[in-house]
K.L.:
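I am attaching a structure below and will ask some questions about it afterwards.
Residue numbering restarts at 1 for every chain, and letters A, B, ... go by the order of the sequence lines. Predicted, not measured: the structure shown is a model, and the values here were computed from it.
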Amino acid sequence: MKKFKRHLITSALPYANGPIHIGHLAGVYVPSDIYARFLRMKGEDVIWVCGSDEHGVPITLKARKEGITPQQVVDRYHELNKKAFEDFGISFDIYSRTSNKIHYQTASDFFLKLYNKGEFLEKTSNQYYDEEAKCFLADRYIMGTCPHCGNENAYGDQCEKCGTSLSPNDLINPRSTVSGNKPVLRETLHWYLPLDKYEPWLKKWILEDHREWKANVYGQCKSWIDQGLQPRAVSRDLDWGVPVPVKGADGKVLYVWFDAPIGYISATRELTPDWEKYWRDPETRMIHFIGKDNIVFHCIIFPAMLNAEGSFILPDNVPANEFLNLENDKISTSRNWAVWLHEYLEEFPGKQDVLRYALCANAPETKDNDFTWKDFQARNNNELVAILGNFVNRTLVLTNNYYSGKVPGRGPTNAYDLEVLEAVGKLKESVESNLDAFRFREALKEAMNLARLGNKYLADREPWKLVKTDPATVETIMNISLQITANLTIICEPFLPFSMKKLREWIRVGEFGWKDAGNTDLLPGGHLIGKPELLFEKIEDEKIDIQIEKLMLAKKANEAAAACVVPGKDTITFDDFSRLDIRSATILEAEKVPKTTKLLKLKIDCGLDTRTIVSGIAEFFEPRDLIGKQISIVANLEPRKIKGIESKGMILCAEDRDGKLVLVAPAGNVSNGSTIK
RNA sequence: UGCGGGGUGGAGCAGUGGUAGCUCGUUGGGCUCAUAACCCAAAGGUCGGGGGUUCGAAUCCUCCCUCCGCUACCA
């Protein structure tokens, strides 16, 4: 591995429209904190930057909804999250924010430099505009009827009912989700970063020069590059963000994904006048810690920006984690399905390390993992308390009992003693190489193995028996146990900083450096240690049950919200109604459309003729069960090709609250083609 | 739909061609310094499913099933 002079660590900027939860922590902030602490202990020159990402449409919408300004929204979450990180021991060198003046300056300059170099394409396009809200609408904020399946609640980028991806112009009867009004098309000018231009360079830089990146990261990059990169717009029509700093760009701001990663640079500038050393010197090793949803921005788009700008270094590695689930369900801010950091800190005071431990031990490094409160409890009670806390406690209690807290000298050692002493050094090496490779889970396990080693050593040597017969040997045993304890304060420090600080106080030592780990003479004979307290306490069932109960309440609240009947639609005239040609019909044939999950091809007799209708109901009905069934259809819907099959009309179904479909049929038998009115 | 990453004993995870491993849990035993903590041992897996390559496959190829991401909020 190349030896670097200094390190620049960045962690994904959390979006400032909600609080921090355990998913953020396990994916990004706990691993990066461990890594930063580890490097600092090694005496490396390292800075670690982060901050709130405060721009983008969702924040403006949240502000609108609550009747406050976007700035008030971001102020609220910036302060909340900054404090929560601090209290949790996340040791950023700076936690900045993208609404800072220095960020506006940095992002503007960055854009201008690319602009002046002629790196951007300028293009006009037609986009939907909400005249009432006076804003252009991002794809996701336009809803309308899906041209494929008739779902009236399809989004501008995708219909969730039939799964087809759409563009806003495909939607029938588009409406703005901001105001509910019909948006109009308006011409607008934007700047595009021509990613296709950087494709050959990216190909070499990632696919050849960074084969060591994690499989999930490398795989996703390869897939993007292989598919061919497209120019991406870097600006948006919005009044919240960094204004595009060129003439004629009124009402336009930099798109969040363009401005957010520049936030790493702004934060560094804010932190130190020496910032250029960290961003421009190839002797600096830059590492981006992110979650898997951010891979393409950090591995493709941001590097392309940096490369186009020309004066900055590129990331050496981007260790992205997968996602953490909570009690078998996706973590979701909007559904309140999360363990919020600020709440945890209040409800489990002084237990930062327990959560740090549980999240690191179960970090989603190679695949999505699940956090459960029972697992959290078990990790605390069976590992932190039983293995680490217990070893420390028995060592310190025995030392106090036998020697009134005075560290005994190490007398003669046997082969087993030497083996144990040697194992300490090996475990240190192992923790170190795992941390170097971003394998935090394995590193933590090895660190805990040091405590396991200690427990086994005590059990094998049984000083409580020997103390009556062979006090000299007991001195050696206790000396070695104390050296292991001192080593724990180093090796566990990156993972459990709060507890190791306590432990150092109890054994009355200062902070060691990482290089001291493996040294088995950290505590000289005669050194006086203090009285121990409990390093970790058992967590009883009641505390866990309260948390589980809290989640169940959130789930119930969600179900209650989902159970609300969808809002009624606008009044229509009788004329509008009578334009619909709804008829009874009978299904003659039914078969699945190959290579689809939801589509059935139906041949039906509707009285007028025998026709084919393709319908997205395959998940709810077996084709053979449908044959012979009488149903209701809209017969005069304009025909449309779906999967190459012409579909003439639409099957009427009632959709239940949970999305289940039920056929709408005449209650008694009628002849096919009977009109329904 | 496509692409990427997953699917391994009760739970959580390692393991990319050569006798299936770790942590926790379970069962039995030992110990009693220690927060009923610690130590030892055992039970428990046809490695998502089918087909193929190979002397040999969890590992390579192929088809399929399934979860997650790319795709609002969001790590």
K.L.:
Could you work out the separation of B/rA58 and B/rA20 based on their P atoms and round it to a whole Å?
P.N.:
8 Å
K.L.:
Just to confirm, is there a sub-4.0 Å distance from OP1 or OP2 of B/rG4 to any side-chain nitrogen or oxygen of A/K292?
P.N.:
no
K.L.:
What's the gap between B/rA75 and B/rC61 when it is taken at their C1' atoms, as a whole Å value?
P.N.:
35 Å
K.L.:
Using a cut-off of 4.0 Å on non-hydrogen atoms, how would the nucleic acid contact of A/A386 be classed: base, sugar-phosphate, or nothing?
P.N.:
sugar-phosphate
K.L.:
From C-beta outward on A/A459, which listed nucleotide comes closest to its side chain: B/rU32, B/rA75, B/rC39?
P.N.:
B/rC39
K.L.:
Could you tell me how far apart A/D329 (CG) and B/rC73 (C1') are, to the nearest whole angstrom?
P.N.:
15 Å
K.L.:
Under 3.5 Å, is there a donor-acceptor pair between the side chain of A/E327 and the main chain of A/W373?
P.N.:
yes
K.L.:
Base, sugar-phosphate, or nothing: which does A/K222 touch, judged by heavy atoms less than 4.0 Å apart?
P.N.:
nothing
K.L.:
Under 4.0 Å, heavy atoms only, any strand: does A/E365 hit a base, just the sugar-phosphate, or nothing?
P.N.:
nothing
K.L.:
Could you tell me the Watson-Crick or G-U partner of B/rA57, where both distances fall under 3.5 Å? Say none if there is no partner.
P.N.:
none
K.L.:
Cation-pi check for A/F323 against A/K330: NZ or CZ below 6.0 Å from the six-membered ring centre and within 45 degrees of the axis, yes or no?
P.N.:
no
K.L.:
Yes or no on side-chain contact (heavy atoms from CB on, under 4.5 Å) for A/R356 and A/D33, after CA distance, side-chain angles and deciding distance?
P.N.:
CA-CA 10 Å; A/R356 289 173 67 105; A/D33 186 60; 2.5 Å; yes
K.L.:
Identify whether any heavy atom of A/N17 sits under 4.0 Å from a base atom; if not, whether one sits that close to sugar-phosphate; answer base, sugar-phosphate or nothing.
P.N.:
sugar-phosphate
K.L.:
Answer with base, sugar-phosphate or nothing: what part of the nucleic acid does A/N321 contact at a heavy-atom distance below 4.0 Å?
P.N.:
nothing
K.L.:
Would you call A/E446 and A/R441 a salt bridge, taking side-chain N to carboxylate O under 4.0 Å as the test?
P.N.:
no
K.L.:
If you measure from the P atom in B/rU66 to the same atom in B/rA42, how many Å do you get, rounded?
P.N.:
41 Å
K.L.:
Just to be sure I understand the rule, does A/L324 reach a base, reach only the sugar-phosphate, or reach nothing, if contact means heavy atoms closer than 4.0 Å?
P.N.:
base
K.L.:
Counting side-chain heavy atoms from CB outward, which of B/rU35, B/rC73, B/rC33 is closest to A/V397?
P.N.:
B/rC33
K.L.:
Is A/R452 touching bases, backbone alone, or none of the nucleic acid, heavy atoms closer than 4.0 Å?
P.N.:
sugar-phosphate
K.L.:
Please give the nucleotide sitting opposite B/rG17 as a Watson-Crick or G-U wobble pair, both distances under 3.5 Å, or none.
P.N.:
none
K.L.:
Run through A/L229, A/L202, A/I206 and flag the one making a side chain to side chain contact (heavy atoms under 4.5 Å, CB included) with A/W224.
P.N.:
A/L229
K.L.:
From C-beta outward on A/W464, which listed nucleotide comes closest to its side chain: B/rU8, B/rA75, B/rC33?
P.N.:
B/rC33
K.L.:
Of A/I331, A/L341, A/V30, which meets side chain to side chain contact (heavy atoms under 4.5 Å, CB included) against A/I22?
P.N.:
A/I331
K.L.:
For nucleotides B/rA57 and B/rC24, find the distance between their C1' atoms and express it as a whole number of Å.
P.N.:
30 Å
K.L.:
What contact category does A/K374 fall into here, base, sugar-phosphate, or nothing, at under 4.0 angstrom with non-hydrogen atoms?
P.N.:
nothing
K.L.:
Let me see the working for A/E540 and A/K543 under salt bridge (Lys or Arg N to Asp or Glu O under 4.0 Å), right down to the final yes or no.
P.N.:
CA-CA 6 Å; A/E540 302 301 333; A/K543 282 211 98 172; over 6 Å; no
K.L.:
B/rG12 and B/rG2: how far apart are their P atoms, nearest whole angstrom?
P.N.:
29 Å
K.L.:
Is the phosphate of B/rG25, meaning OP1 or OP2, less than 4.0 Å from a side-chain N or O of A/N382?
P.N.:
yes
K.L.:
For A/P58, answer base if it contacts any base atom (sugar-phosphate contacts may also be present), sugar-phosphate if it contacts only those atoms, and nothing otherwise; contact means non-hydrogen atoms under 4.0 Å.
P.N.:
sugar-phosphate
K.L.:
On RNA chain B, check which nucleotide each of A/N362 and A/W224 is closest to and give me the residue with the more 5' one.
P.N.:
A/N362
K.L.:
Which nucleotide sits closest to the side chain of A/S223: B/rG6, B/rC3, B/rC70?
P.N.:
B/rC3
K.L.:
Using both distances under 3.5 Å as the test, list the Watson-Crick or G-U wobble partner of B/rA41, or none.
P.N.:
B/rU27
K.L.:
Of A/R379 and A/R394, whose closest RNA chain B nucleotide lies nearer the 5' terminus?
P.N.:
A/R379
K.L.:
What contact category does A/F536 fall into here, base, sugar-phosphate, or nothing, at under 4.0 angstrom with non-hydrogen atoms?
P.N.:
base
K.L.:
Look at the side-chain N and O atoms of A/K330 and state whether any lies under 4.0 Å from the OP1 or OP2 oxygen of B/rG69.
P.N.:
yes
K.L.:
Mind checking A/K445 for me? I need base, sugar-phosphate or nothing, with any heavy atom below 4.0 Å counting as a touch.
P.N.:
base
K.L.:
Under 3.5 Å, side chain of A/N321 to main-chain N/O of A/K292, donor-acceptor pair present?
P.N.:
no
K.L.:
Counting any heavy atom closer than 4.0 Å, what does A/L535 reach on the DNA or RNA strands: base, sugar-phosphate only, or nothing?
P.N.:
base
K.L.:
Quick one: are the ring centres of A/Y357 and A/F376 less than 6.0 Å apart?
P.N.:
no
K.L.:
Which nucleotide, B/rA34, B/rC31, B/rG69, lies nearest any side-chain atom of A/N393?
P.N.:
B/rA34
K.L.:
Figure out the CG/P separation between A/N216 and B/rC70, and round it to whole Å.
P.N.:
13 Å
K.L.:
Report yes or no: is the cationic atom of A/K214 (NZ for Lys, CZ for Arg) under 6.0 Å from the centre of the six-membered ring of A/F438, at an angle within 45° of the ring normal?
P.N.:
no
K.L.:
Need one value for A/L534: base, sugar-phosphate or nothing, where a base atom within 4.0 Å counts as base even if backbone is also close, heavy atoms only.
P.N.:
base
K.L.:
Tell me whether the centres of the aromatic rings in A/H55 and A/Y255 are closer together than 6.0 Å.
P.N.:
no
K.L.:
Is it the case that atom CD in A/E537 sees more than 12 heavy atoms from other parts of the structure closer than 6.0 Å?
P.N.:
no
K.L.:
Return the value, rounded to whole Å, for the distance between atom CZ of A/F371 and atom P of B/rA11.
P.N.:
19 Å
K.L.:
Atom CD of A/E537 and atom C1' of B/rA36: how far apart are they, to the nearest Å?
P.N.:
17 Å
K.L.:
Round to a whole Å and report the spacing from CD of A/E322 to P of B/rG12.
P.N.:
16 Å
K.L.:
Check every strand shown and say whether A/D375 touches a base, only sugar-phosphate, or nothing at a heavy-atom separation below 4.0 Å.
P.N.:
nothing
K.L.:
The side chain of A/L398 is closest to which nucleotide in this list: B/rC33, B/rU23, B/rC39?
P.N.:
B/rC33
K.L.:
Figure out the CZ/P separation between A/R439 and B/rC22, and round it to whole Å.
P.N.:
18 Å
K.L.:
Give me the distance, rounded to whole Å, that separates B/rG4 from B/rC47 when you measure between the C1' atoms they each carry.
P.N.:
23 Å
K.L.:
Rounded to the nearest angstrom, tell me the gap between atom CG in A/L388 and atom P in B/rA37.
P.N.:
16 Å
K.L.:
When you measure from the side chain of A/H21, which nucleotide among B/rA75, B/rU32, B/rC24 comes out closest?
P.N.:
B/rA75
K.L.:
B/rU8 and B/rG45: how far apart are their P atoms, nearest whole angstrom?
P.N.:
15 Å
K.L.:
Starting from P on B/rG12, measure out to CD on A/E383 and report it in whole angstrom.
P.N.:
14 Å
K.L.:
What distance, rounded to whole Å, do you find between the two C1' atoms, one in B/rA43 and one in B/rG5?
P.N.:
34 Å
K.L.:
Short of 4.0 Å, heavy atom to strand atom, which residues of residues 467-474 of chain A count as contacting RNA chain B?
P.N.:
none
